[in-house]
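FYI, side chains are in, hydrogens and waters are out, and symmetry mates aren't considered; it's all heavy atoms of this structure.
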Amino acid sequence: MVSVVADGECRWRIEPAGAMRVPGVVFATAGLLPDAPGDQALQQVADVATLPGIVEASYAMPDVHWGYGFPIGGVAATDPAQGGVISPGGVGFDISCGVRLHTSTVTRADAAPHVGRLMDLLGAATPRGMGRGGVLPAVQPAELDEILLGGSAYTVERGFGDPGDLAFCEDGGAVAGADPGALSARALARGKGQVGSLGSGNHFLEVQAVDRIYDERVAGALGLRPDLLCVMIHCGSRGLGHQICSDHVRVMLSAMERYGIRVPDPQLACAPVTSPEGRRYLAAMAAAANYGRANRQLLTHAVRRCFRNAGLGEVRLLYDVSHNLAKLERHMVDGAARELCVHRKGATRAFPPGHPDLPDPIRAVGQPVLVPGSMGTASYVLVGVTDGRAFHSACHGAGRTLSRHAAVRQAPVEAVRRELAAAGVLVRGASERGLTEEAPEAYKDVDEVVHTCRRARLADPVARLVPVGVVKG
DNA sequence: ATGTAC
């Protein structure tokens, strides 16, 4: 059992031991620490600290929980110039899973008479659940390549969105360096029929209302005001991203010995960033990231049509950001700028005010950090802070406390439906299994997680959003 | 998260 020691405000430290090259650092209250008997999340934080080239520490966000190899809520940066590695398990199976948030032009009260119809339209317009079907019919190989190279930017070119949307997408809507040729035939086959689809599990499309503003200046700059109706989309790269992760874990497992890399868990399979295996994964990962962003952009297009059909006006993109991705970023380490490979898995980039990668209209206030709550609970908008930690990263959600299996065992579907109805949340399209796996009782308290981000200096809360209606797989 | 095992 790994032990943690208190190390400041909402901060815990795992001392380097054995093969650990750096300490583990967990940002949490005592109550948020994943310390149930048998839980491996803290062991995973320690295991990540053994990776070649890791810099500063193996970090965990307040929503940390047990994942594949790396914990979900984990952040780890490696230095490619010092033998630093890239690990598919540090990105996760759902490559570029992320969140986009839109504002509308109507308040909750103005929209109230039309919300039932809006939810019916959104339910009908949102391909979801396991398997096939998307906003686009099965795409031909040439078009799939365009999506893998161009992401949201390509779909906007095709007419699925406003050119102005792209400024509010991380990376302008497309990650550079994507290579469709780095994808297996199976990954391509799984991707062709799911372009513009929600998926299942914790993915959702939610109509929300602004419930509380924490910072009026920043909220104003982002276009958020009390009672404003908003739409949040949480989805990823579907079967295509999953297949890429599986493919490259296998490749790296067999390559590690050649590079003299030993890891404490095969799920931490990795290769040097500068190696052929490392570069090929990054090129495939970028392609999956673009697929995920195109996916979310197509759902935005569907949302806009639904709002117009319901007589509820226009919808503006506030921001789109991934929380499962590795990126090459410049960071200051011990007073010197270094180019690092930052893995964020279930963790959101949180660039500070003034960062050059942020678009003009929001650069002054910092990068929006979009935090979806568990089903039926609040979601949050935060912004990155100047004194941010963990290579400018923050939480990505509430964080599970119960496995999917345990969640299904502990609550009957009727109880979950009653709870959502009592909270006044309209539900469309949710499967019984989806509802029980995603019961709020299986998650940490998102309010506490967000509050902890502020106390730990990861990001500052801007606004709290509450659910009005949800479309789920 | 995921054609919940190829």
Side-chain angles (χ1 to χ4, degrees), chain A residues 40-41 44 61 63-74 87-100 127-134 138 183-195 197-205 233-251 253 266-267 269 284-285 287-289 291-293 295-296 299 321-326 343-348 372 374-375 395-409 430-439 442-443 471-473:
Chain A
Q40 295 297 301
Q44 292 186 318
M61 303 293 108
D63 50 335
V64 61
H65 56 110
W66 191 357
Y68 178 88
F70 284 58
I72 296 160
S87 175
V91 172
F93 277 88
D94 193 2
I95 297 166
S96 200
C97 180
V99 182
R100 59 168 49 196
R128 60 184 179 272
M130 298 282 283
R132 325 198 61 181
L183 273 59
S184 65
R186 186 177 287 185
L188 295 168
R190 288 179 71 172
K192 73 177 180 205
Q194 298 182 324
V195 185
S197 67
L198 200 56
S200 60
N202 66 353
H203 291 161
F204 63 75
L205 185 156
I233 295 171
H234 177 205
C235 69
S237 53
R238 307 293 326 276
L240 179 135
H242 190 278
Q243 189 63 47
I244 289 170
C245 184
S246 303
D247 291 342
H248 289 260
V249 164
R250 192 172 56 246
V251 168
L253 266 177
Q267 294 183 357
M285 181 203 74
Y291 186 95
R293 281 108 187 268
N295 210 4
R296 292 195 285 273
L299 293 174
V321 63
S322 302
H323 50 230
N324 279 6
L325 207 60
H343 301 71
R344 294 188 183 89
K345 178 190 189 175
T348 311
S374 53
M375 187 174 59
C395 69
H396 86 305
R400 293 196 84 93
T401 52
L402 294 180
S403 68
R404 296 176 186 283
H405 188 70
V408 170
R409 288 173 60 107
S431 66
E432 291 208 351
R433 182 164 164 190
L435 283 175
T436 48
E437 284 185 350
E438 297 303 318
Y443 281 83
V471 179
K472 280 194 74 69

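Residue A:Ser200 has its side chain nearest to B:dT2 when only B:dT2, B:dG3, B:dT4 are considered. Nearest to the side chain of A:His242, among B:dT2, B:dG3, B:dT4, sits B:dT2.
Rounding to whole angstrom units, CD of residue A:Gln194 and C1' of B:dT2 are separated by 9 Å. Following rounding to the nearest Å, A:Leu188 (CG) and B:dG3 (P) show an atom-to-atom distance of 15 Å. A:His248 places its NE2 atom 19 Å from the P atom of B:dT2, with the value rounded to the nearest Å. Protein atom CD1 of A:Ile244 is 13 Å distant from nucleotide atom P of B:dG3, rounded to whole Å. One can place CZ of A:Phe93 at 12 Å from P of B:dG3, the figure rounded to the nearest angstrom. Taking atom CD of A:Glu437 as the reference point, atom C1' of B:dT2 lies 11 Å away to the nearest angstrom. B:dT4 atom C1' lies 11 Å from atom CZ of A:Arg190, rounded to whole Å. The nearest whole Å value for the distance from the CZ atom in A:Arg433 to the C1' atom in B:dT2 is 10 Å.
Among all heavy-atom pairs drawn from A:Cys235 and A:Asn295, the shortest one is SG-ND2, 4.2 Å. Contact between A:Phe93 and A:Ser246 at its shortest, heavy atoms only, is CE2-OG, 3.5 Å.
A:Gly239 comes within contact range of the sugar-phosphate backbone alone, with a heavy-atom separation under 4.0 Å but no base atom that close.
In terms of the side chain to side chain donor-acceptor pair (under 3.5 Å) criterion, residue partners of A:Arg238 (sequence neighbours excluded) are, by chain and number, A:Ser197.
For A:His323 and A:His234, the gap between ring centers is short of 6.0 Å.
OP1 or OP2 of B:dT2 lies within a sub-4.0 Å distance of a side-chain N or O belonging to A:Arg238. Here A:Gln243 does not reach the OP1 or OP2 of B:dG3: none of its side-chain N or O atoms lies under 4.0 Å away.
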